[in-house]
Amino acid sequence: MSLLSITGLNLSIHGTSILKDVSLDVAEGEIVGIIGESGSGKSMTALSVLQLLPNGAHCEGRIELGGEDVITADEDTLCALRGDDVSMIFQEPMTALNPLKTIGDQVAETVQIHTGASRAVAMGMAAEALERAELPQADFPLSRYPFELSGGQRQRVCIATAIALRPRLLIADEPTTALDVTTQAEILDLLRRLVAEDGMGLIFITHDLAVVSGLADRIAVMRHGEIVERDTAEGLFREMEHPYTRQLHEASTHVPTRPERGEIGETLLSVKGMVRDYKLPRKNLFAPPGHFRAVDDVSFELRRGENLGLIGESGCGKSTLSRAILGLDPIQGGEILLDGEPVTAGKDLSPKVRAKMQVVFQDPYASFNPRHRVERLVAEPTHLMPNRPSSAQKRRMVGEMLEKVGLTTSDAQKYIHEFSGGQRQRIAIARALIINPDLIVLDEAVSALDVSIRAQILDLLAELSDTLSLSYLFISHDLSVVRTITDRVLIMKGGHIVEEGETEQVFSNPRHPYTKALIEAAPLLDAPPKVIAF
Amino acid sequence: MLRYALKRLISLAVSLLVASVIIFIAVEIVPGDPASYMLGLNAQPDTVAQLREELGLNVSPVERYVSWVWGMVQGDFGTSYTYRTPVAEMIWQRGQVSLPLALFALLISTAIAIPLGVIAAGRRGTGVDVGLSTATQFGIAVPNFWLGIMMVLLFSVSLQWFSAGGFPGWQAGFWLALKSLVLPAIALAVPQAAILTRIMRSSLLDTLGEDFMRTARAKGLSRNQALWRHAFRNALIPVLTIIGLQFSFLIAGGIIIEQVFYLPGLGRLVLQSINARDLIVVESVVMVLVFAVIVVNFAVDLAYAAVDPRLRRRV
Amino acid sequence: MSAAVTRKGFRSRALWIGGVLTAVLVGAALLSYLWTPHDFEAISIPARNQLPSGEHWFGTDHYGRDIFSMIMAGARTSLALALAAVGIAMAVGVPLGLAAAARSDGLLDEIIMRGNDLIFAFPALLVAVLITNIAGPGAFNAILAIAIFNIPVFARVTRGAALSVWTLDFIMAARVAGKGRWRISAEHVLPNLANLLIVQGTIQLSLGILAEAGLSYVGLGAQPPLPSWGRMLADARTMLTVAPHMALFPGLAITAAVLGLNLLGDGLRDWLDPKLRREGR
């Protein structure tokens, strides 16, 4: 008998249809993955189960939880269900906890609300729940505040809150998306263990096919508010009946076609013993301010026409490194040479050197001044050209670039809000290309995109690097993406480069323990589905 | 916590020091000689010289500044020329009107604004919310001194519930004295309450939209439980800032309101002294008022730390 | 659904009502230069303390002057003083805020922000008291006092918003394109603050009118013969038992002017920038 049974769920918000005829079962001890791209309705399905939908939402159909229909249940019944029978954890652990309350209080609250236990008893149960979420009391006493914990630790607090009363069903909405790969692997292990121990059902929502492939017993694929395919994990990956499932799978494992490269040219970028310190706030008025060394004695070379990957988890110094290379921040030691000339920060850097490099950022929404037209946005780097082009020339250059990245000349007259995320990333690439740089720094340039869009952008980048003989410094936390598009790769941790080598070599035969841990932690799509190991 | 308090205390001291320099410069570096200005055009040179000495004007500005500040630290604010009484005593007398008035008004505005803000946010978008929004728009637009005049017209002239102005003094009985502050305090409080209601509403709405509110609801807290346990305290933080700032407005507003209700407070004192060119009184009263504002903001900073653990642990 | 519509309707109504009230205010101020029903300075003792009538729409004051005409003329004083004060405050405060944000790690930011804190400790009225002490009471005094008090407001608002613009990637892209901090401030940061500043400016203008009225009430603002709403109220206070109507109309005029500008500011906020149009806020 299934624990949760959704039948014919239709959801509309302010009259707009969000979910269409969604049906799904979850049994005790079972992990059901729901996968879909943004806007597929996967989160709304989860919120429907808890009836925590936004204002103006209207549900039809049945959602039976342990024999009771939650759609028709009154608010008191729902409050009694939430947190006790069914719990939920969310994507963003940094903001999911109240910053003004201790973690003990927040976990204990679940207990107090539902059992009426005294504060002392509830705190005892909170401690137990935190222990089960692998936050030992010795290191993480109940009196800690959320701001004193890392993202992964906060997600464990959320999990402890959710499982404190051993609910029968746990819904996890992209719980690892905001975390680093190694942390993600730990959280996934934890969830797997809790499911096995408590025999609870788990709905795991994600956009990442690879994550769910190693975790779920059964998988439902969602698109535009509908479940397009539903099968056991094994069956789904074997059959892939629905074209969308296949498309998703292909996009996720997409390897852009990169023509066999001729010989690699001479050195373009050379970083030697680079050091970057941040000033820390003074501890007291009289002590000198401390320093935090974000990048420590880093050296590497990038040659003309080469695609170099730089992999690291958050806080490893990779963004700091890229800012220094781009001449945005001063360095405190070593040197950076671009085409033989030193790169310095700020005004000292000559436009001639600056013009040799450009950048594409992660967030397609923040990358453009919303007040300017695309023409002006794309033309901005022409500021660096020795002979500033006339506006007619600019117009022609911008048009050419837009066509090169798969847009049209007429797009130049539009404002940026008229474009989708993927199109904006194309415009960002056009802006980077307009002064024919030698080096393009791609700072997590495809990380914010849905997989199918990501595949298209990767293809575009591969094609451009070939036709324009560009060099890329491809910075990312995503191993699978870096693997598909780079020739060589650097692994960075704690401000150091711990390993470097040919991409395939590093991936198939990592030498440094950290590289090994990273590669092991990264969920792989082609791995045999679901190996339970304790 | 201690380090945080210490740090704020140092900045408090610096603020006071800089403020005192500004006030001293603004008041004492006046074109012309204050002594001859006070005595008028027909004064004898001897009398002027005598007054200069009496006022301590015959030494360098730096010496005068130091002795002024040092005097204040010891509680000696000098002697008013026009009233011939110690300024400290006058400030003490007048402060017994101004400070209770400001606090009374602050109390009224907070007591009105926080519940109304919560109601408006809780019923966001409904007729109640729109009604409160309209009311606060009017509340902000009404000048407090005009509101005072209108209340005098209604409650004193027509209904004769309250006296039209004046202050009997605390020795006349606590309730009697308080009664004479009721209308002025309401006049002062209404516009501030309107502002605070809007701040409370939007701050609460911001907090209600936070991720952790969803977590709280997922735990099984009802809408109201989540609001009181998680949103309310967090929403108070920006409100606290505004309450601190409002004190500054209440002090300023108090000067005008004292004029409307003929209250013998610091505001009236400063206006009278300006007209009489009683410089020593002007600079001391302004310093005391600025001191009050700075100290209240210091208290607000400490209250912050009490509410927000992030400030307590991190320095 | 209906709730959201109610509130949205309320918003666009705010723009309309605010716009109309402000237009009336500006119109009355401009018209007063050409025409008022009576000469607002003309004293007529026999006609003193008259209640509103067909001849004197708002009645007359204790010197027999026509209150309606005085209010029309007062509008131009209020508006001119508030505009001048807010203009000065913006001209000083906005560049300060931009500079503080452009060098947010530096000493400049620290100095500007501490200076702001300090000015906040001086309520506008105390500033006016101090300036009166130096320069004597008058319109200029009022403008300066209100302007000084408003500088930190604009510096703060500008800095806060500019800091968040500075964190956006398009600023980084501009830096990679070799543009300097000041140029980026002018080209990328300021245009993105324009709406915010228009809205804030409108609201400060309304506060300026309030402050000017207050200063005039205690005799530190506009001096005779400049017509002034605040001074009309001060006169009315002394005549309260004899001619209560004298107190009514100037106060209503101030309220309407401030309300109009506030509503206009609120309405503009929503109308100018769809990004700010977070429902119901």
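A, B, ... follow the sequence lines: proteins, then strands. Residue 1 opens every chain. Please read these numbers as outputs of a predicted model, since none were measured by experiment. Reckoned from all heavy atoms, side chains included, excluding hydrogens, waters and symmetry mates.
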Is the B:Phe212 ring parallel, tilted or perpendicular to the B:His230 ring (thresholds 30°, 60°)? tilted

For the residue pair B:Phe232 and B:Trp228, does the interplanar ring angle fall in the parallel (under 30°), tilted (30 to 60°) or perpendicular (over 60°) class? tilted

Which portion of [X] sits near chain B, non-hydrogen atoms under 4.5 angstrom:
X: A:Thr161; value: side chain
X: A:Gln51; value: neither
X: A:Ile113; value: side chain

Pick from B:Gln225, B:Glu210, B:Arg229: which one has the most heavy-atom pairs with chain A under 4.5 Å? B:Arg229

For a side chain to side chain contact (heavy atoms under 4.5 Å, CB included) with B:Arg201, tell me which candidate from B:Leu205, B:Thr197, B:Leu204 qualifies. B:Leu205

Just so I know, are the side chains of B:Arg198 and B:Ile140 near enough to count as touching, which here means a heavy-atom distance under 4.5 Å? yes

